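Heavy atoms only: backbone and side chains are in, while hydrogens, waters and symmetry mates are out. Keep in mind the model is a prediction, meaning the values are calculated, not measured. For ligands, and for the atoms within them, numbers begin at 1 and follow the listed sequence.
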Amino acid sequence: MIIFKQSEDLVNKLQSLKKDRKSIGFVPTMGALHNGHIALIQQSLASNEITVVSIFINPTQFNDKKDFEKYPVTIEKDIELLAAAGCDALFWPTLEEIYPHGYEQPVHYELGYLETVLEGKYRPGHFQGVCRVMNRLLDIMPPDNLYMGQKDYQQCMVVSRLLEIMQSRAVLHTCPTLREPDGLAMSSRNTRLNKTERENAIAIFAALRFIKENIQPGAVSAVIERSRQMLEEKEFRIDYVAIADATTLEPVANWDGKQKLVALVAAFQHEVRLIDNMVLNP
Ligand code: AMP
């Protein structure tokens, strides 16, 4: 595996590979890698001749400074995992490499409704930051295929919109959420949970499964209310528990029994904010 710190070196390498018509798969991450990330990499490896992974903790997508400062960093282990997985190239840029002119100057991507709900509402500016870093990464290395996790459901929709805005030819592949054996969605932030918090955290999966198993056509408020209680019983402070149209994320108050739905949760287990979702009628 080649490790690139400079975008110029990566660009040169990828240009020569493109000449040979090699297909490039790209998996952007913020490091502290786990099997969820590795699953994305495996999907890329299976369908592309070259797989590039990036590790960059992007300051512009953190609306909470403390969350940014406490974001786990495990670069040595990450490099070992990537090499063992068979990844071809790691792009591990510095802040200056991604934002050579700084990032104080505001930017704006027209994300419309998507930015006004759920993560967009509770993390102001977050998706602008996601678009900003993704735009830069995709400019440096226009991939043929881009792999992202369903765990960040709304982010996948935002990036899909960004690809349209950029008129990018990259194809976005949304990969299923990998879970721990007890159901907790794998996440770099899970490493910040202590033993009790880790046990409590299962309540998110339980709440989502409760919604999936109990939702009936008609008003959905009762299943939402019960799932909120399940989270609160395990000391979660809830940002949202929502049932939404799976393709638009518009909230659904009354289900007609046919519309494709997704349930989404964001909640703090003490200091650590966790998110998860489940498609209810795939
Ligand atoms: P992150 O490093 O958290 O920014 O995540 C990098 C990519 O991995 C994103 O596309 C995430 O959606 C994806 N990802 C994170 N956790 C999981 C998981 N448990 N299963 C599948 N993909 C994941």
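The heavy atom nearest to atom 21 (C) of ligand 1, considering only Gly31, Pro176, Ser54, is found in Pro176.
Contacts between Cys156 and ligand 1 below 4.0 angstrom, taking non-hydrogen atoms only, are absent altogether. Within the 4.0 Å heavy-atom criterion, neither part of Gln150 lies near ligand 1. Residue contacts with ligand 1, taken as heavy atom pairs separated by less than 4.0 Å, involve Pro28 solely via the backbone atoms N, CA, C and O. Looking at Leu40 against ligand 1, only its side chain comes within 4.0 Å, counting heavy atoms.
Considering backbone and side-chain atoms together, His37 places an N or O closer than 3.5 Å to an N or O of ligand 1. At least one N or O atom of Asp152, backbone or side chain, sits closer than 3.5 Å to an N or O atom of ligand 1. Ligand 1 has no nitrogen or oxygen under 3.5 angstrom from a nitrogen or oxygen of Ala185. Remark: ligand 1 and Met30 share an N or O pair separated by less than 3.5 Å (distance only, no angle test).
Checked for salt-bridge contact, Lys18 and Asp144 meet the test: a charged N lies under 4.0 Å from a carboxylate O. Residues Arg273 and Glu197 are not paired through a salt bridge, judged by the lack of any N-O separation under 4.0 Å between the basic side chain and the carboxylate. Contact check on Lys77 versus Glu80 returns no salt bridge, with no Lys/Arg side-chain nitrogen under 4.0 Å from an Asp/Glu carboxylate oxygen. Under 4.0 Å is where a charged nitrogen must lie from a carboxylate oxygen, and between Lys13 and Asp88 no such pair does.
In this structure, Arg179 has no heavy atom closer than 4.0 Å to ligand 1. Under a 4.0 angstrom heavy-atom cut-off, Phe56 registers as lying outside contact with ligand 1.
Aromatic pair Phe91/Phe56: ring centres not closer than 6.0 Å. Between Phe236 and Phe268, the distance separating the two ring centers is not shorter than 6.0 angstrom.
Annotation for ligand 1: atoms under 4.0 Å from non-hydrogen atoms of Met186 are 16 (N), 17 (C), 18 (C), 19 (N).
Donor-acceptor pairing under 3.5 Å is recorded for the side chains of Glu115 and Gln128.
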(request) Show your working on side-chain hydrogen bond (donor to acceptor under 3.5 Å, both in side chains) between Glu235 and His270 and close with a plain yes or no. (result) CA-CA 7 Å; Glu235 299 181 19; His270 302 162; 2.7 Å; yes
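The line from OG of Ser47 to CD of Gln42 is 11.5 Å long, rounded to the nearest 0.5 Å.
Remark: minimum distance from atom 10 (O) of ligand 1 to any protein heavy atom is reached at Gly149 N, 3.0 Å.
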